[in-house]
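Just below is one structure, and these are the notes that go with it.
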Amino acid sequence: MEETNKNKGRIDTHRAGGRPRLARYERRSHHHKVSYNDEEENIIQYKAEQAGKPDDVYLHEAGLDAVVHAHMNDENIEQLRDVCGMANNTNQIAHQANAGGIQSVRAKAEQLVVYLTELILRILRGGDLSEPTGEPVSNQQKGQV
């Protein structure tokens, strides 16, 4: 009887109803920090606006629905290693020929390095390896590989 007398003058501030608690598997407890530059932020805001959603909802749905493809498959990675090894060996031959004064071998080896560099670039871009493009590789591109 004493307990009912204690609470007699108090107003019950606890609200009945409200949103039920989420089950543990429904709670979002994992967070990832992602940073964007100004241009990327503008693109995200534009795309979210086109979708009619707030930025955070758009990014959440985009992250879950996006299809991500590997840059290169295992076969291309193996091909790239093989071609890079050939290019390195050919480059060593060219240096030895230059040191020995054999200019014809050096020129052919350098041309082969150019072709191998083109092949490496085509592998990296995921292009068709069966036929040459015929595009010469510039010195700037050679330095990137």
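- Residue Glu78 places its CD atom among 12 or fewer non-hydrogen atoms of other residues, nucleotides or ligands, all under 6.0 Å distant.
- Under the 4.5 Å side-chain contact rule for hydrophobic residues, Leu112 and Val105 do not share a cluster.
- Side-chain atoms of Tyr36 and Leu59, non-hydrogen and from C-beta on, do get closer than 4.5 Å to each other.
- Expressed to the nearest 0.5 Å, how far CD1 of Ile93 lies from CD1 of Ile102 amounts to 11.0 Å.
- Atoms CD1 and CG, from Ile43 and Asp38 in turn, are 11.0 Å apart once rounded to the nearest 0.5 Å.
- For Arg21, the CZ atom sits in a loose shell: 12 or fewer heavy atoms of surrounding residues, nucleotides or ligands are nearer than 6.0 Å.
- Separating the CD atom in Glu110 from the CG atom in Asn91 is a distance of 8.0 Å, to the nearest 0.5 Å.
- Around atom CG of Asn37, more than 12 heavy atoms belonging to other residues, nucleotides or ligands sit under 6.0 Å away.
- Here the CE atom belonging to Met86 is positioned 9.0 Å from the CG atom belonging to Asn89, to the nearest 0.5 angstrom.
- When all heavy atoms of Ile120 and Cys84 are compared, the pair lying nearest together is CD1-SG, 3.7 Å.
- Gln111 contributes atom CD, which lies 10.5 Å from atom CG of Leu116 (distance to the nearest 0.5 angstrom).
- When all heavy atoms of Ala87 and Val113 are compared, the pair lying nearest together is O-CG2, 4.1 Å.
- Of all non-hydrogen atoms in Ser35 and Glu40, the two that sit nearest each other are O-OE1, 4.4 Å.
- Annotation for Glu26: atom CD counts as buried by contact number, over 12 foreign heavy atoms lying within 6.0 Å.
- Screening residues 42-62 for side-chain hydrogen bond (donor to acceptor under 3.5 Å, both in side chains), with sequence neighbours left out, gives Glu41-Gln45, Lys53-Glu61.
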